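Taking it in order: structure first as structure tokens, then the write-up.
None of the values given here were measured: they were computed from a predicted structure. All residue numbers refer to positions in the sequence shown, counting from 1.
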Amino acid sequence: MNNAVLAQTVNLNPGLAAIGYGLGAIGPGIGVGLIFAAVINSTARQPEMRGKLQTIGYSTFVLSEVLALIGVVVYFIASTK
């Protein structure tokens, strides 16, 4: 009986890794929305600062997207074990 139970075990690691990545991608998604909302707001208030604000906006966008890319890497590492 013990061997039958051991034979029926299922590896849940890839599924849990996918759920974890999905939850981890929520943060960068919200962050990107807040970043560009702030850039649009600031540009509406001071149009002459548009170039500088876009530079700051894109650099912070890249920093928040790095978190999502790290999540993809961790997902593939966790799903292969």
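- Through direct or relayed side-chain contacts under 4.5 Å between Ile, Leu, Val, Met, Phe, Trp and Tyr, L63 connects to no other residue.
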Distance-only check: which donor-acceptor pairs under 3.5 Å involve side-chain atoms of residues 19-44, not counting sequence neighbours?
residue, atom, partner, partner atom, Å
S42, OG, A38, O, 2.8
T43, OG1, V39, O, 2.7

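- Remark: of the listed residues V74, V72, V73, V74 is the sole one forming a side chain to side chain contact (heavy atoms under 4.5 Å, CB included) with I70.
- Considering OG1 of T60 and OH of Y58, their distance stands at 10.5 Å, rounded to 0.5 Å.
- Through direct or relayed side-chain contacts under 4.5 Å between Ile, Leu, Val, Met, Phe, Trp and Tyr, L69 connects to no other residue.
- For Q46, the side-chain contact (heavy atoms from CB on, under 4.5 Å) partners at least two apart in sequence or on another chain are E48, M49.
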